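These numbers were taken from a predicted model, which means no experiment stands behind them. To find a chain, count down the sequence lines: A is the first, B the second, and so on, and within it residues start at 1.
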There are 2 protein chains.
Amino acid sequence: MQVTPELLSAFPSLKPLPPATLARLAQESEVRKFARRGVVMTAGVREEFVCFLFEGRLQGVDFTIDGREVGLYFVEPGDFCGELGMFDHGPQPEFVIALTAVVTVFVPMESLRLVTMENPMLLKLLGQRLAARVRQLTRQRSLLGLPNISQRVCCQLWLLVSDDARQHLQSSVINNPPTHMEIAIMLNLSRETVSRVFQILQTRNIVRRDGTSLLHVSDSAALKRLADGSEEL
Amino acid sequence: MQVTPELLSAFPSLKPLPPATLARLAQESEVRKFARRGVVMTAGVREEFVCFLFEGRLQGVDFTIDGREVGLYFVEPGDFCGELGMFDHGPQPEFVIALTAVVTVFVPMESLRLVTMENPMLLKLLGQRLAARVRQLTRQRSLLGLPNISQRVCCQLWLLVSDDARQHLQSSVINNPPTHMEIAIMLNLSRETVSRVFQILQTRNIVRRDGTSLLHVSDSAALKRLADGSEEL
DNA sequence: TTAGCTGAGTGACTACAATCACATAGTAGC
DNA sequence: GCTACTATGTGATTGTAGTCACTCAGCTAA
């Protein structure tokens, strides 16, 4: 399918590029759609594209030697993934799979590399991105160190709460929350355990579900206390 | 203490820089020594230096909210740490502590940033470094996903084995192996559990200790089988 | 030599999360 | 509306790693 420069400029990281550059990139890029559970990027393969997510939600996952799934991060619309090879030409370290039906734009890595030569700003942005990724991985790693399981779940939930709800301890809504299974995979837990923690949170009126696509966090303050360990479940 | 350009050029990443640049950097840098268990970098603080390790061994660690220590990575002589702020001016995400007495060279981040402007090569190298860090964090994360504890320990040990011993399945030696405690912290285990796994490995003549500073891996093939799960302990 | 420290080895006990095996609820497709 | 999934909820059981409480070994520094 045809990619227009307008489509590309919908992505915050590409928006600041000069129109001519966008036009050229658009020519070389392609739209790809994936069904739920589709494999967007394959681990161990030298992917030659950076994948920009237009619609839907992606997850970076890995598999342990014995086949167990390990959740690494989520990708939201407007964001991108598979950029690691931009820096070291190495293979994609983890799988990226579609959690919902998704629409993506694949931009060839080599073209993007050329663009970074002329636009140090983009290079800088990529660097910041990568740094953010390291920070996220580090935070996630320390989350896994928590010996208390419900605290782990609450911390993860807390990370999904929007920034200003976090700041002001307001009640808030998480859109398209991950399934219990997806959370379990992120936190090295079994699905049942996550389910049980949610059960307690719901009976305590701390969170409330509303269909599959909404999760109300009614009592942010309590969630925060549970997340930082000042209160036990 | 005075830093000489020669000292700086001992670091592979700085070696390719022009002598004039090295001389300038040397002027602005300083040698810092730390005792075992000394805090080299503090989490949450905007450290204004990149720390190059000359002698000894460092470990990146984090602490969970409840105070449990979480091991992230090791830094060996010639390598550096604390470079994340180079990319996003953000705070240091994790602590770096000295596992042994260490000698480091602190190079001001701002000076280094100026140098990267004139030396894209250094910038590229930093990018590769960061990419490698992401890969390492990802690998470590999937290690933590292993439900079988002894496999986890064996995998970690396997990562400590030198590359060519890994390739040719030769017996080899690990210098200054981490203590059981350090391994436990890396792998989210208790010290006792690591101890028990080592006990089994030793009675099976797969590894053998030789003082505190040497660990012989006598049966690399067996260690590999245990690491990849084709054999159970 | 002795004291003091850190690292390592080990048994007993226990808590707790995984697993299994279901039931039930929602949703999406036809 | 019916069917087929996928997601979720829940009890019973069990394995296993954490914890505690020691001992012992090795190093270093008075």
How many whole angstroms separate atom [atom1] of [X] from atom [atom2] of [N]?
| X | N | atom1 | atom2 | answer |
| --- | --- | --- | --- | --- |
| A:H180 | C:dT19 | NE2 | C1' | 18 Å |
| A:I183 | D:dA7 | CD1 | C1' | 12 Å |
| A:N176 | D:dT6 | CG | P | 19 Å |
| B:E182 | C:dG7 | CD | C1' | 10 Å |
| A:R191 | C:dC22 | CZ | P | 15 Å |
| A:N148 | C:dC16 | CG | P | 9 Å |

Self-check item: Sugar-phosphate, base or nothing in reach of A:G211, heavy atoms under 4.0 Å
Solution: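 Result for A:G211 = sugar-phosphate.
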
Quiz item: Within the structure shown, what part of the strands sits under 4.0 Å from B:N188 by heavy-atom distance: base, sugar-phosphate, or nothing?
Solution: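 The residue B:N188 makes sugar-phosphate contact but no base contact.
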
Within less than 4.0 Å of OP1 or OP2 of [N], is there a side-chain N or O belonging to [X]?
| X | N | value |
| --- | --- | --- |
| A:Q202 | D:dG9 | yes |
| B:S195 | C:dG9 | yes |
| B:R36 | C:dG7 | yes |
| A:T193 | C:dA18 | yes |
| A:T212 | C:dT27 | yes |
| B:Q199 | C:dT10 | yes |

Quiz prompt | Cationic N near anionic O, under 4.0 Å, A:E231 to A:R204 | solution =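 Salt bridge flag = yes for A:R204 with A:E231.
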
Quiz prompt | Ring centers of B:F11, B:F80 separated by less than 6.0 Å | solution =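 Between B:F11 and B:F80, the centre distance exceeds or equals 6.0 Å.
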
N/O donor-acceptor pairs under 3.5 Å from side chains in residues 148-155 of chain A, not counting sequence neighbours:
unit_1, atom_1, unit_2, atom_2, d
A:N148, OD1, A:S150, N, 3.0
A:N148, OD1, A:S150, OG, 3.0
A:N148, OD1, A:Q151, N, 3.3
A:Q151, NE2, A:A227, O, 3.3
A:R152, NE, A:L187, O, 3.3
A:R152, NH1, A:L146, O, 2.8
A:R152, NH2, A:L187, O, 3.0

Practice problem: Just compare C:dT19, D:dT8, C:dT10 and give me whichever is closest to any side-chain atom of A:R68. | Solution: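 Out of C:dT19, D:dT8, C:dT10, the nucleotide with an atom closest to A:R68's side chain is C:dT19.
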
Quiz item: Can you find an N or O donor on one side and an acceptor on the other, under 3.5 Å apart, linking the side chain of B:R196 with the base of D:dT19?
Solution: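 Indeed there is one.
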
Practice problem: Check whether the side chain of A:R209 and the base of C:dG26 form a donor-acceptor pair under 3.5 Å. | Solution: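 When only heavy-atom distances are counted, A:R209 does not reach the base of C:dG26 through any donor-acceptor pair under 3.5 Å.
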
Practice problem: Determine, for B:F74 and B:R57, whether the Lys NZ or Arg CZ falls below 6.0 Å from the six-membered ring centre while staying within 45 degrees of the axis. | Solution: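 Positive - B:R57 is close enough to the ring of B:F74 and near enough to its axis.
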
Quiz item: Would one find more than 12 heavy atoms of other residues, nucleotides or ligands at under 6.0 Å from atom CZ of B:F54?
Solution: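 For B:F54, atom CZ is not crowded (no more than 12 foreign heavy atoms under 6.0 Å).
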
